[in-house]
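Single-structure report; data block below.
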2 protein chains.
Amino acid sequence: MGDTSGAGEPPLEEQIAAYQREFQDLDPQVEKIVSALSRLNRRMNVAYGRQTADLGISNTDWEVLKALVLSGAPYRLGPGDLAKRLGLTPAAMTHRIDRMVTEGLVTRERDETNRVRVIVELTSEGREKWLEAMRLASVFEEDLLQDLSPDDRTALGEVLTRLLRRVEHAQPDAGGRLSDLD
Amino acid sequence: MGDTSGAGEPPLEEQIAAYQREFQDLDPQVEKIVSALSRLNRRMNVAYGRQTADLGISNTDWEVLKALVLSGAPYRLGPGDLAKRLGLTPAAMTHRIDRMVTEGLVTRERDETNRVRVIVELTSEGREKWLEAMRLASVFEEDLLQDLSPDDRTALGEVLTRLLRRVEHAQPDAGGRLSDLD
DNA sequence: GCTGAAGACTTAGAAGCTAAAGTTCGAAGG
DNA sequence: CCTTCGAACTTTAGCTTCTAAGTCTTCAGC
């Protein structure tokens, strides 16, 4: 199924061998793919996390920034809408916004046309942080894929989206929010 | 950089287009790979999470079970050792073990040869749960890779381990414990 | 003007984690 | 023999982030 912690981890091959000892009905080839995928993803997240931490933003902040930026100019969304996009309850969203307002990443104001609604808007500082994080990330990503030829990249992208399609169609998706399980 | 929530997510292509609008220096091919990888991993974790939840064990329980099983028979480790493998503080480990003892997944006893030490041992019920989870997982994984020919599988495994090697060598790994960032 | 529904916020509480202090035991030195 | 030090685990206090349930405000229809 993959890996878990990332700290004192054994080499991939070793761990797969251990899995086989403990669970005979295991296809090593399948397990290699799944474990590598999971481990790779975890390592990337560690790298991203370090980069964003250097910029002074948390993972939860990052999610909100991303949702706002992806909504397009003028980068405004209501708390309820944000909550839906991030898979949170409105209450959790309120707290996140509180924090981010004090951090200067977003502003919160009432909608003057409908005073029940609230509008969360990205500040220029928030946008700048997002851009800076993206710059760091794209450097990291380019470096990660450095050894892959253009053909390799095309093939990999194609295979991964094929797998993704399979998962997304098979899964109704209950909005779960789960850490590494492997 | 990938995805975040999993709930009301737009199609991959659409999201990459949005990224390009907001951040010009983005290689769509790179982004496609990274986003698919991240999203795929998240969906898989949702699936695993559902399966283990059906068995009545939490994600945190699962991590501990895995560490014990992978340590090999007789499936015994000290709390401190477990904490290192999982990247937790000893205090956090104490709490996890408390819970798992009441759930009947492990036992905790003092080492009679050195009464400072504690030994955590997998119960047969704990081992059975792990096995059952692995059975479910391997079915899911085989299904996921169904459309890939043996050659495709070999190639994918090879490419992923190549990427993994690159990340692992570049990164000292600060033991971070980070959720999806993309 | 009242009433109901919608949207956001508040409160209370759960799950996990960390850091730091406390406990218990083994070992080494006087 | 006894004392002291250190190792290993637990306890305590507090943080973060989440959910559920109740409250407040405002709009819209009657």
Side-chain angles (χ1 to χ4, degrees), chain A residues 4-7 46 49 52-53 56-64 67 76-103 105-121 174-181, chain B residues 4-7 46 49 52-53 56-64 76-103 106-121 174-181:
Chain A
T4 301
S5 69
V46 169
T52 49
I57 60 182
S58 70
N59 293 0
T60 57
D61 288 349
W62 171 257
E63 291 184 350
V64 179
R76 299 159 139 254
L77 288 173
D81 200 350
L82 272 170
K84 271 196 206 77
R85 297 187 189 221
L86 300 183
L88 299 175
T89 60
M93 208 57 237
T94 296
H95 297 318
R96 283 202 188 185
I97 294 168
D98 286 347
R99 190 169 2 97
M100 293 180 71
V101 166
T102 70
E103 290 167 346
L105 299 173
V106 301
T107 57
R108 167 162 41 193
E109 53 188 272
R110 298 212 90 89
D111 183 342
E112 288 306 325
T113 70
N114 180 341
R115 297 185 48 74
V116 176
R117 290 175 184 280
V118 167
I119 297 177
V120 177
E121 181 172 342
R177 142 164 311 258
L178 298 160
S179 63
D180 268 297
L181 238 225
Chain B
T4 301
S5 68
V46 170
T52 49
I57 60 183
S58 70
N59 293 358
T60 59
D61 289 348
W62 171 257
E63 291 184 352
V64 178
R76 300 160 137 252
L77 288 174
D81 200 351
L82 272 170
K84 270 196 206 77
R85 298 187 189 218
L86 300 183
L88 299 175
T89 60
M93 207 58 236
T94 295
H95 297 319
R96 283 201 187 185
I97 295 168
D98 286 348
R99 190 167 5 97
M100 293 180 71
V101 166
T102 69
E103 290 168 345
V106 300
T107 58
R108 168 162 41 194
E109 53 187 274
R110 298 212 91 88
D111 183 343
E112 289 306 326
T113 70
N114 180 341
R115 298 184 48 73
V116 177
R117 290 175 185 280
V118 168
I119 297 177
V120 177
E121 180 173 343
R177 145 163 308 261
L178 298 158
S179 62
D180 267 298
L181 238 226

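So that the names make sense, note that chain A is the first sequence line, chain B the second, and so on, each numbered from 1.
- Taking only side-chain nitrogens and oxygens, Arg117(B) never comes nearer than 4.0 Å to OP1 or OP2 of dT24(C).
- Nucleic acid contact for Arg108(A): sugar-phosphate only, since backbone atoms but no base atoms lie under 4.0 Å from a heavy atom of the residue.
- In this structure, the CG atom of Asp111(A) is 13 Å from the P atom of dC9(C), given to the nearest Å.
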**OP:** Starting from the C-alpha separation in whole Å, work towards a yes-or-no answer on side chain to side chain contact (heavy atoms under 4.5 Å, CB included) for Thr94(B) and Arg108(B).
**Re:** CA-CA 10 Å; Thr94(B) 295; Arg108(B) 168 162 41 194; 4.3 Å; yes

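- Look at CG on Leu86(A): it is 9 Å from P on dC18(D), rounded to the nearest Å.
- Checking the phosphate oxygens (OP1, OP2) of dT19(D), a side-chain nitrogen or oxygen of Thr89(A) falls inside 4.0 Å.
- Using a 4.0 Å heavy-atom criterion, one finds that Pro90(B) contacts the bases of the nucleic acid, with or without backbone contacts as well.
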Original post:
Between Val64(A) and Met93(A), does a side chain to side chain contact (heavy atoms under 4.5 Å, CB included) hold up when you go through it step by step?
Top reply: CA-CA 9 Å; Val64(A) 179; Met93(A) 208 57 237; 3.8 Å; yes

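- Atom CG in Asn114(A) sits roughly 9 Å away from atom C1' in dG7(C) (whole-Å rounding).
- Here the rule is side-chain contact (heavy atoms from CB on, under 4.5 Å) with Val106(B), and of Val120(B), Ile119(B), Leu82(B), Leu77(B) only Val120(B) fits it.
- Arg110(A) comes within contact range of no nucleotide atom at all, as no heavy-atom separation falls under 4.0 Å.
- Distance, Met93(A) CE to dA8(C) C1': 12 Å, rounded to whole Å.
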Original post:
Does the side chain to side chain contact (heavy atoms under 4.5 Å, CB included) test come out yes or no for Met100(B) and Ile97(B), once each step is laid out?
Top reply: CA-CA 5 Å; Met100(B) 293 180 71; Ile97(B) 295 168; 5.7 Å; no

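- Minimum atom distance to the side chain of His95(A) is reached by dT19(D), of the listed dA8(C), dT19(D), dC17(C).
- Phosphate contact (OP1/OP2 of dA8(D), side-chain N/O of Arg115(B), threshold under 4.0 Å): absent.
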